[in-house]
J.: 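Right, I'll just put the structure down here and ask away after.
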Amino acid sequence: MISYIGKRMVAVIPIVLFATLVTFALIHISPVDPAEAYLTAAHIYPTPEVLEQKRHEFGLDQPLLTQYMHTIQRISRLDFGTSYLTNKPVWDEVKARLPATVELALSSMALSIVVSIPLGVLAAMRKNGWIDMLSRGISYFGASIPQFWLGYLLIFFFSVRLDWLPVEGRGTWQHLVLPTLTLSLVLIALYTRLLRSSVLEQLQETYVLYARTRGIRERVIMLKHILKMAMTPLITSMGMNLGKLLTGTIIVEQVFSWPGFGRYFVEAIFNRDIPVIQCYVFLAACLFIVCNLLVDLVQLYMDPRISSKGRAEQR
């Protein structure tokens with residue numbers, strides 16, 4: 001297990017290098033000059049002299065290879081430099097915004113799990129019943145509706161018409177309700193259908209028939225055997241979606257003016273704030289790798305056959 005974790009952590013290095021290289025190339029392919037974007041955002045007229053001064057200050061007048069090597073050296077020290085726009089350390093600004101994104105991500109994931117697991121199991125146990133039909137309706141609606149439109153729809157009903165919840169910002173639990181619902185609906189739709197299909201597949205397995213012939217109660221079979229095996233694809237999907245949520249739910253944060261990491265990244269793109277963009281790419285790559293590693297470890301714990309199969313293939 002330790003060797004497996006070590007190999008996965010070593011794999012972070014080439015992935016991060018490739019991600020930073022692609023990001024660096026895309027930034028410099030873009031026709032927008034970061035120095036000009038900074039001056040425009042600061043309401044300073046971009047004369048040739050001022051542009052040249054800012055390019056030198058940002059290091060943009062150096063050869064591309066030199067710029068990239070400096071970027072790699074800074075990232076290896078976890079030094080992401082200073083934001084072009086705010087002139088503050090990027091890492092300090094990211095640390096100030098990450099808690100908001102983590103709060104929204106965990107609340108959305110928790111709500112989706114609480115709703116989708118019992119709904120998916122009941123839909124499989126009552127196949128073609130009213131619960132199954134309800135789960136299908138929720139899944140179709142959640143999978144087809146755009147998140148930004150759902151967010152505005154919730155704002156219209158619960159904030160504008162009913163005046164129950166605040167429209168934007170962060171502070172109290174009321175501010176968390178609408179963004180959480182907006183993010184959770186898509187996840188509930190995905191997890192419910194995924195778990196329903198997985199449970200139906202497990203119900204056809206031979207071990208379920210043997211358990212029933214031994215007189216084991218249906219509830220015990222479901223909770224102790226079927227659900228444990230059916231959760232494997234669901235855990236994989238959760239790991240991928242958790243990585244997306246932690247790297248910033250960009251659209252939802254924009255709609256609700258949520259002061260999170262994703263909204264900060266969007267502002268950095270518009271202003272060509274290269275240090276912020278590079279920091280985002282680095283954190284996103286690391287978070288996805290860590291989430292995938294956690295998913296693999298949980299699956300090894302829940303299904304030891306995966307580890308046995310891996311050892312057999314190595315032999």
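This structure is a prediction, so every number in the text was calculated from the model and none was measured.
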J.: Check side chain to side chain contact (heavy atoms under 4.5 Å, CB included) between T206 and all other residues, then give those that pass, not counting sequence neighbours.
T.: Y210

J.: For the residue pair M231 and L234, establish whether any side-chain heavy-atom pair is separated by less than 4.5 Å.
T.: yes

J.: So, T20 and Q278: side-chain donor and acceptor under 3.5 Å apart, yes or no?
T.: no

J.: Less than 4.5 Å apart, any side-chain heavy atom of H56 and any of Q62?
T.: no

J.: Quick check: do S184 and V115 have side-chain heavy atoms less than 4.5 Å from each other?
T.: no

J.: Which heavy-atom pair separates V276 from A268 by the least distance, and what is that distance?
T.: CG1-CB, 3.4 Å

J.: Side-chain contact test, heavy atoms from C-beta onward, threshold under 4.5 Å: evaluate it for L183 versus M109 and give yes or no.
T.: no

J.: Indicate the atoms forming the closest heavy-atom contact of A100 with P259, along with that distance.
T.: CB-O, 3.4 Å

J.: Determine the minimum heavy-atom distance between A123 and I131, stating which atoms define it.
T.: N-CG2, 4.0 Å

J.: Without placing hydrogens or testing angles, list every side-chain donor-acceptor pair under 3.5 Å for residues 149-162, not counting sequence neighbours.
T.:
from: S159; atom 1: OG; to: L165; atom 2: O; distance (Å): 2.9
from: S159; atom 1: OG; to: P166; atom 2: O; distance (Å): 3.4

J.: If every non-hydrogen atom of D132 is compared with every non-hydrogen atom of R126, which pair is closest and at what distance?
T.: CB-O, 3.5 Å

J.: Quick one: side chain to side chain contact (heavy atoms under 4.5 Å, CB included) partners of L209, sequence neighbours excluded?
T.: T213

J.: Short question: side chain of W258, backbone of P179 - any donor-acceptor pair under 3.5 Å?
T.: no

J.: So, the side chain of T82 versus the backbone of K88: is there a donor-acceptor pair under 3.5 Å, distance only?
T.: no

J.: Would you indicate whether the side-chain heavy atoms of P275 and F80 approach each other to under 4.5 Å?
T.: no

J.: Does the ring centre of Y280 sit less than 6.0 Å away from the ring centre of Y264?
T.: no

J.: I'd like to check M238 versus L187 (side-chain heavy atoms, cut-off strictly below 4.5 Å). Are they in contact?
T.: no

J.: State which residues pass ring pair (Phe, Tyr, Trp, His ring centres under 6.0 Å) with Y191; sequence neighbours excluded, sorted by chain then number.
T.: none

J.: Taking the side chain as everything from C-beta on, heavy atoms only, tell me whether R136 gets closer than 4.5 Å to R193.
T.: yes

J.: Out of curiosity, does V220 fall in the hydrophobic cluster containing L122 (side-chain heavy atoms, cut-off under 4.5 Å, transitive links)?
T.: yes

J.: Using 0.5 Å steps for rounding, measure from the CD atom of Q67 to the CD1 atom of I274.
T.: 7.0 Å

J.: Run the side-chain donor-acceptor check on residues 137-145: report pairs under 3.5 Å with partners two or more places apart or on a different chain.
T.:
from: S139; atom 1: OG; to: S135; atom 2: O; distance (Å): 2.8
from: S139; atom 1: OG; to: A189; atom 2: O; distance (Å): 3.4
from: S144; atom 1: OG; to: Y140; atom 2: O; distance (Å): 2.7
from: S144; atom 1: OG; to: F141; atom 2: O; distance (Å): 3.3

J.: Using a 6.0 Å cut-off, check whether atom CZ of R214 has over 12 heavy atoms from anything other than its own residue.
T.: no

J.: Could you pull out all residues at least two apart from R55 that satisfy side chain to side chain donor-acceptor pair (under 3.5 Å)?
T.: D33

J.: Considering only heavy atoms from C-beta outward, does the side chain of Y68 approach that of L21 to under 4.5 Å?
T.: yes

J.: Do you know the tightest heavy-atom contact between L104 and E253?
T.: CD2-CG, 4.4 Å

J.: Report yes or no: does S116 contribute a side-chain atom to a donor-acceptor pair with the main-chain N or O of S112 at less than 3.5 Å?
T.: yes

J.: Could you pull out the closest heavy-atom pair between L178 and F256, with the gap in Å?
T.: CB-CE2, 3.5 Å

J.: Can you tell me how far the CD atom of E103 sits from the CG atom of L176, to the nearest 0.5 Å?
T.: 5.0 Å

J.: Answer yes or no: is there a donor N or O on one side and an acceptor on the other, between the side chain of Q202 and the main chain of I226, under 3.5 Å?
T.: no

